[in-house]
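Data block below; observations after.
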Amino acid sequence: AFLAKKREYDHKSSVVSLSSEHRGLVKHTGGCHCGAVRFEVWASPDLHVFNCNCSICTKKQNRHFIVPASRFKLLQGADNLTTYTFNTHCAQHTFCKTCGVQSFYTPRSNPDGYGIAPHCLDDGTVQTITTEEINGKEWEKAVREHKTIRDMSKP
C-alpha cells in the first residue's frame, strides 16, 4: 500500500525528512557547465562515489554516485541532451549538446537508476565524499563480486 509522505522540515539545513524513501536525504541540485541542463536528486549528504577504470570512465574521468530513478528529476534541458552508447549499449551516456558536460547518466550496473557526477552538484549540500575504486576493465567480474552496487538504484 502506498503511504502518503509526511514532510518535516529542518530549517537549519536543506535536510527534509520524509516518511519513507527520502528519510535522512538532502535535495542536491546541479547541472552542466552552460546551465542548459538542470536537475535535482535526493541523496545522502555523505556521498559514496565510484571511480571506474573502464575505457569510457577513464577518458571522461567519470566519477559518480548511484541513485534510484525515483530520486532524480530533470528540471530542464531534456531537448539539449544527447546520448552516446557503445559495446552492450546498456549504459546511456547522456551529455549536454552545448557544453559537452555529462552531469548524470544511466549506468550499465544500474539501468533502473542514475549515476550522478558529484562535481556537477551545486555547492552547499555535500558534506563528505568517499571514493571507491571499481575495476571496470573487468566490468562483469567487478559488478558480480561487488556486494552492494546493484542495490544502489533500489528505493
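Residue numbers start at 1 and run along the sequence shown.
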If Ile, Leu, Val, Met, Phe, Trp and Tyr residues are connected whenever their side-chain heavy atoms lie under 4.5 Å apart, and connections chain through other members, are [X] and [Y] in the same group?
X	Y	answer
Ile66	Ile56	no
Ile116	Leu81	yes
Val67	Phe39	yes
Val49	Leu121	yes
Val26	Val41	no

Audit row: Leu47, His28, side chain to side chain contact (heavy atoms under 4.5 Å, CB included) steps and yes/no: CA-CA 11 Å; Leu47 302 178; His28 302 281; 4.1 Å; yes
From [X] atom [atom1] to [Y] atom [atom2], the distance as rounded to the nearest 0.5 Å:
X	Y	atom1	atom2	result
Ile134	Ser109	CD1	OG	6.5 Å
His89	Thr83	NE2	OG1	13.0 Å
Gln102	Asn62	CD	CG	5.0 Å
Glu132	Phe50	CD	CZ	4.5 Å
Tyr114	Gln92	OH	CD	10.0 Å
Asn87	Trp139	CG	CH2	10.0 Å

Does any part of the side chain of [Y], heavy atoms only, come nearer than 4.5 Å to the side chain of [X], both counted from C-beta?
X	Y	result
Asn135	Lys141	no
Val101	Cys120	yes
Arg150	His146	no

If you take all heavy atoms of [X] and [Y], which pair is closest and at what distance?
X	Y	answer
Cys32	Cys99	CB-SG, 3.6 Å
Pro111	Arg108	CD-O, 3.4 Å
Phe65	Ala43	CE1-CB, 3.7 Å
Met152	His48	CE-CD2, 4.0 Å
Cys54	Gly136	CB-O, 3.6 Å
Gly113	Thr106	O-CG2, 3.7 Å

Heavy atoms of other groups near Lys73 NZ, more than 12 under 6.0 Å: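 Atom NZ in Lys73 is not packed in, count stays at 12 or less.
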His33 atom NE2, neighbour heavy-atom count above 12 within 6.0 Å: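 For His33, atom NE2 is not crowded (no more than 12 foreign heavy atoms under 6.0 Å).
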Audit row: Thr98, Asn80, side chain to side chain contact (heavy atoms under 4.5 Å, CB included) steps and yes/no: CA-CA 7 Å; Thr98 304; Asn80 215 52; 3.0 Å; yes
Could you tell me whether a side-chain N or O of [X] sits under 3.5 Å from a main-chain N or O of [Y], the two making a donor and an acceptor?
X	Y	result
Gln127	Ser44	no
Asn110	Ile149	yes
Thr29	Arg38	no

Trace of the side chain to side chain contact (heavy atoms under 4.5 Å, CB included) decision for Ser70 with Trp42: CA-CA 9 Å; Ser70 62; Trp42 286 90; over 6 Å; no
Pair Arg144-Glu138, salt bridge (Lys or Arg N to Asp or Glu O under 4.0 Å): steps then yes or no: CA-CA 10 Å; Arg144 183 176 58 249; Glu138 297 179 82; over 6 Å; no
Phe104 and Phe72 aromatic ring geometry - parallel, tilted or perpendicular at 30°/60° bounds: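 Tilted.
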Whether Tyr84 and His93 hold their rings parallel, tilted or perpendicular, with breakpoints at 30° and 60°: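 Answer is tilted, since the angle falls between 30° and 60°.
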Salt-bridge contact Lys97-Asp79 (side-chain N to carboxylate O under 4.0 Å):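 Not counted as a salt bridge, because no side-chain N and carboxylate O are separated by less than 4.0 Å.
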Trace of the side chain to side chain contact (heavy atoms under 4.5 Å, CB included) decision for Glu133 with Asn53: CA-CA 8 Å; Glu133 304 294 321; Asn53 68 351; over 6 Å; no
